[in-house]
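The structure appears below as structure tokens.
By convention in this document, chain letters (A, B, ...) are assigned in the order of the sequence lines, proteins followed by strands, and residues within each chain are numbered from 1.
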There are 2 protein chains.
Amino acid sequence: MTRRSLPPEKFHRLFYPQVPIVVSVKHENRIGGMPAIWCMPTSFKPQLIALAIAPDHETYRMISAASNFALNWLDHRYAKQVGKLGNTSARQTCNKLLAVGLTTIEGEKTGQPLIQEASAVAECTLLENRRTGTHELIIAEVASASADHFSDYWNFDQYDPILYAGTGNHDTKAWDFRTLRRKESSDVSQRTDPS
Amino acid sequence: MTRRSLPPEKFHRLFYPQVPIVVSVKHENRIGGMPAIWCMPTSFKPQLIALAIAPDHETYRMISAASNFALNWLDHRYAKQVGKLGNTSARQTCNKLLAVGLTTIEGEKTGQPLIQEASAVAECTLLENRRTGTHELIIAEVASASADHFSDYWNFDQYDPILYAGTGNHDTKAWDFRTLRRKESSDVSQRTDPS
């Protein structure tokens, strides 16, 4: 055993690889979206999820105001678009999803934007949000969910999940997205705030 | 787009693949442990994590009583042991980790058991636990963390994470653990409660 002590700012990277889930939201005729790494289920019945987002994200502000949002699982072939969503702010555009080349339809339960290209989507209603350290911890209830290439489980022969593994070990600041299919990483986009 | 509506009981599987983190705990001279799928960071500073566990798990009761616990990241070569931890209860033994072939040392900060074979470990102190639907949502602060094969990020050439992908699509009820390295799944153990 040769484990070495880990600086606090790197601790969260132990959880990699993680599937980034694109959070989408519409508020006052503007559409925002961002990849969320810190998102998981917390209850079977009711179906609850926990989502931790830094409060300075415009997408967070929109979620908080709209009280509804959606989760979108995108196949690895949309890794470039997901990377772009992580590099831009919803402040810069009235439809951030469209700006990166993704189209949306309105969710039936909440009216929130669902990404048409997504392999799976879920409409969520915010139950609670509260500050936990640097992030806002959102608890939300799932109003509906649908998926392609999924029967009892994902069919990973057809759905190729994005596996976020960091931002590259060296000088590059590209998102490091891996897949279950190929060993090599695919750095798909530049970002300015490695995490 | 051919997405089909998803029954509530299958929703959580959209989050697969996920890295199972082994939660270890010592209380009244008994050592418990279980793989947790629903575990993520929620804050950079302080370093906080959220962990959702079904309250009927003996390991949950021990965490709640001890107010401290540890997280352990095991390489895919220990997939069999991790699967066994998911199939047995801490009620059945005084040292559940040893019973599946894993050894522990005492954490310096909390005295909680750290798995020697783990690629990374973190000692945690429970700050809060509360019921959210079917599960208890634990918020804990990380007291210390250490890792092997990790500099700024995981070195995935040396650390081969377990990727939990469900319990098999067919008659088998084996844990479906995948890796970044091979496409084929490796069903490593039997379980009785597919999730």
> What distance separates A:Thr59 OG1 from A:Asp56 CG, expressed to the nearest 0.5 Å?
Replying inline: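 The OG1 atom of A:Thr59 sits 10.5 Å away from the CG atom of A:Asp56.
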> Using a cut-off of under 4.5 Å for heavy-atom pairs, which of A:Val142, A:Leu71, A:Leu51 has the most such pairs with chain B?
Replying inline: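 Most pairs with chain B among the choices: A:Val142.
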>> Counting heavy-atom pairs under 4.5 Å with chain B, which one of A:Cys39, A:Pro46, A:Ala54, A:Ala147 comes out on top?
In response: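 Result: the option with the highest number of such pairs is A:Ala147.
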Can you say whether [X] sits under 4.5 Å from chain A via the side chain, the backbone, both, or neither, judging by heavy atoms?
X: B:Ile53; value: neither
X: B:Pro8; value: both
X: B:Glu141; value: neither
X: B:Trp73; value: side chain
X: B:Ser5; value: both
X: B:Pro17; value: both
X: B:Ile21; value: side chain
X: B:Leu14; value: both

> Side-chain heavy atoms under 4.5 angstrom apart, residues restricted to Ile, Leu, Val, Met, Phe, Trp, Tyr: same cluster for B:Leu85 and B:Leu98?
Replying inline: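 Hydrophobic grouping puts B:Leu85 apart from B:Leu98.
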>> Is A:Thr42 close to chain B through its backbone or its side chain, or both, or neither, when contacts mean heavy atoms under 4.5 Å?
In response: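 Its backbone and side chain both get close to chain B.
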> In terms of heavy-atom proximity below 4.5 Å to chain B, should A:Ile49 be classed as side chain, backbone, both, or neither?
Replying inline: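 Contact with chain B is through the side chain of A:Ile49 alone.
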> Going by the angle between their ring planes, with limits at 30° and 60°, are A:Tyr16 and A:Tyr164 parallel, tilted or perpendicular?
Replying inline: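 Ring orientation of A:Tyr16 relative to A:Tyr164: perpendicular.
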> Can you tell if the side chain of B:Gln116 reaches within under 4.5 Å of the side chain of B:Leu102, non-hydrogen atoms only?
Replying inline: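 Of all side-chain heavy-atom pairs linking B:Leu102 with B:Gln116, none is under 4.5 Å.
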> Just wondering, do B:Arg4 and A:Ser146 contact through their side chains at under 4.5 Å, heavy atoms?
Replying inline: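 They are not in side-chain contact.
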> At their closest point, which heavy atom of B:Trp38 faces which heavy atom of B:His12, and how far apart are they?
Replying inline: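 Scanning both residues completely, I find the closest heavy atoms to be CZ2-CB, 3.8 Å.
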>> Looking at every non-hydrogen atom in both residues, tell me the closest pair between A:Ser119 and A:Trp154 and how far apart they are.
In response: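 It is CB-CH2, 3.8 Å.
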Given the options [options], which has more heavy-atom pairs under 4.5 Å with chain A than any of the others?
options: B:Pro7, B:Ser43, B:Pro41, B:Ala50; value: B:Pro41
options: B:Ala145, B:Ala52, B:Ala122; value: B:Ala145
options: B:Gln47, B:Gln18, B:His135; value: B:Gln47
options: B:Glu9, B:Lys10, B:Glu128; value: B:Lys10

>> If you apply the rule salt bridge (charged side-chain N to carboxylate O under 4.0 Å, His left out), what do you find for A:Glu58 with A:Lys96, and how did you get there?
In response: CA-CA 11 Å; A:Glu58 179 68 5; A:Lys96 188 177 166 188; over 6 Å; no
> Is there a donor-acceptor contact under 3.5 Å linking the side chains of B:Tyr60 and B:Asn129?
Replying inline: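 On atom types as modelled, these side chains qualify, holding a pair under 3.5 Å.
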>> Would A:Asp160 and A:Arg77 count as a salt bridge (charged side-chain N to carboxylate O under 4.0 Å, His left out) here? Give the steps.
In response: CA-CA 8 Å; A:Asp160 182 15; A:Arg77 69 180 183 275; over 6 Å; no
